[in-house]
Amino acid sequence: VSQSRYIDADYQAILNYATTQGYTLPSAGQRVKQNQLLVDLKTAGIWSKLDTFAVFATNGNTDFALIDWKRLTQYTAYNSPTFSTNGGFTGNGTSSYIDTNFNPTVGTNNYLLNDAGRFYWVDNRTGVQWEGVTNGGTNDSRNATTTLIRINQGTSGLTGLNVTFNVDGFHAINRTSSTNVEVFTNTNQTSRTATSTTISNSNQFILRGGGTYNGSRFRMYAMGGNLVAENTDFYNALNTYFTSL
């Protein structure tokens, strides 16, 4: 991969990793856009707070789409979720899912018991359980108007009114303290409470929560510290990238 003084070093590392693995890179034009996305995340103070970050919407191949940009490792797709160029991954609703291979209890991470966030962009919505862990009903979120949005709180739901989560676009689930949870649909914020208990000792799954699967399309996924203050910048950076494809 040719070097350029205009390419961010972390994005160049992604390209180098992909080349070493023999993956098909995105087009030259899209590499410029992805580089800018990463630069925008750094400028907004988001990149340093992430532990895992994958951009599924690309014109690189499936393997490139599954790269974890932060860790330079791979997410794993099981039972063939459908990959669409510049779209992302769509589940079949019955068996296919993606394993992030990220367990926030392993190693030193930004994702902590009382300072944590999960972030994703979803559309073509169908089915119920969008993402979660192997333990049924923990650290999960749903395509619904619901209190069953969970982050480090076991199987307890949010206290208060339902949160409208059955919306296309960017979703963010942030824990800012032992009791406070801030949820976003795009840039619309909802504040709720739920007492933290433990971080699930499990990899986080996409298109699956426990034994329930989903058929929606995911365009990206990330986990890290809470990004309440940075939510609008995160949304804007991703929206700029997606609308350019």
Side-chain angles (χ1 to χ4, degrees), residues 33-34 36-58 65 69-70 84 86-91 98 100 110-111 115-132 139-151 157-158 160-176 180-194 204 206-207 209 214-245:
K33 295 172 182 178
Q34 291 188 346
Q36 187 60 51
L37 170 60
L38 196 154
V39 169
D40 289 344
L41 297 182
K42 285 188 173 184
T43 299
I46 295 167
W47 180 255
S48 63
K49 295 184 179 181
L50 297 178
D51 296 312
T52 178
F53 178 71
V55 178
F56 305 138
T58 179
W69 287 23
K70 282 291 293 190
S84 57
N86 290 331
F89 286 99
T90 301
I98 295 172
T100 66
N110 293 301
Y111 189 103
D115 180 356
R118 303 199 311 275
F119 317 93
Y120 54 89
W121 196 291
V122 65
D123 58 17
N124 297 347
R125 292 174 296 104
T126 184
V128 178
Q129 196 144 2
W130 273 336
E131 44 100 49
N139 261 21
D140 68 341
S141 64
R142 302 174 183 228
N143 176 27
T145 300
T146 182
T147 60
L148 299 180
I149 297 170
R150 299 171 173 129
I151 182 165
L158 301 177
L161 299 174
N162 289 333
V163 174
T164 302
F165 231 44
N166 49 340
V167 175
D168 282 356
F170 183 60
H171 294 266
I173 309 158
N174 299 272
R175 176 169 289 281
T176 60
N180 191 61
V181 177
E182 301 289 340
V183 178
F184 290 87
T185 54
N186 295 312
T187 58
N188 297 316
Q189 183 173 359
T190 304
S191 301
R192 293 289 184 265
T193 59
Q204 193 76 22
I206 306 165
L207 297 169
N214 188 276
S216 303
R217 182 176 71 170
F218 274 72
R219 310 201 78 189
M220 57 75 58
Y221 195 85
M223 294 174 67
N226 95 77
L227 293 171
V228 172
E230 298 87 356
N231 185 82
T232 297
D233 287 334
F234 204 174
Y235 168 83
N236 286 339
L238 292 168
N239 189 53
T240 297
Y241 172 71
F242 293 141
T243 55
S244 74
L245 300 181

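Below, all heavy atoms of this structure are taken into account, side chains as well, without hydrogens, waters or symmetry copies.
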Backbone of F170 reached by a side-chain donor or acceptor of N186 within 3.5 Å: yes
4.5 Å side-chain heavy-atom contact, V122 and F165: no
R175 side chain vs A194 backbone, donor-acceptor pair below 3.5 Å: yes
Minimum-distance pair of heavy atoms, taken over all atoms of G157 and L148: CA-CD2, 4.3 Å
All side chain to side chain donor-acceptor pair (under 3.5 Å) counterparts of W130, not counting sequence neighbours: S216
Polar side-chain atom of N174 near backbone of R118 as donor-acceptor pair, under 3.5 Å: no
side-chain hydrogen bond (donor to acceptor under 3.5 Å, both in side chains) partners of residues 233-244, not counting sequence neighbours, each pair once: Q34-Y241
Closest non-hydrogen atom pair between L161 and R192, with its separation: O-NE, 2.9 Å
Under the salt bridge (charged side-chain N to carboxylate O under 4.0 Å, His left out) test, residues paired with R217 that sit two or more places apart: D123
Heavy-atom pair with the smallest gap, counting every atom of A65 and F56: O-CD2, 3.3 Å
For F119, ring pair (Phe, Tyr, Trp, His ring centres under 6.0 Å) partners two or more places apart: F234
Derivation of the side chain to side chain contact (heavy atoms under 4.5 Å, CB included) call for W69 and L50: CA-CA 10 Å; W69 287 23; L50 297 178; over 6 Å; no
Non-neighbouring partners of T176 that pass side chain to side chain donor-acceptor pair (under 3.5 Å), sequence neighbours left out: N180
With sequence neighbours excluded, residues passing side chain to side chain donor-acceptor pair (under 3.5 Å) with T145: N166
Worked verdict on N162 versus T147 for side chain to side chain contact (heavy atoms under 4.5 Å, CB included): CA-CA 5 Å; N162 289 333; T147 60; 3.3 Å; yes
Pairs where residues 38-53 contributes a residue and the test side-chain hydrogen bond (donor to acceptor under 3.5 Å, both in side chains) is met, not counting sequence neighbours: D8-K42, D10-K42, Q36-D40, K49-E230, D51-N110, T52-D68, T52-Y75
Qualifying residue, where the test is side-chain contact (heavy atoms from CB on, under 4.5 Å) with V183 and the options are I149, I151, N188: I149
In a table with atom names and distances, give each donor-acceptor pair under 3.5 Å that connects a side chain of residues 218-228 to protein atoms at least two apart or in another chain.
unit_1, atom_1, unit_2, atom_2, d
R219, NE, G87, O, 2.9
R219, NH2, N86, O, 2.5
Y221, OH, E131, OE1, 2.5
N226, OD1, V228, N, 3.2
N226, ND2, D115, OD1, 3.0

Flag side-chain contact, heavy atom, 4.5 Å: F89 against I206: no
Results of salt bridge (charged side-chain N to carboxylate O under 4.0 Å, His left out) for R142 - residues two or more places apart only: D140
Any residue meeting side chain to side chain donor-acceptor pair (under 3.5 Å) with N231, in chain and number order, not counting sequence neighbours: none
From I173 atom CD1 to R150 atom CZ, the distance as rounded to the nearest 0.5 Å: 11.0 Å
Heavy-atom donor-acceptor pair, T126 side chain to G215 backbone, under 3.5 Å: no
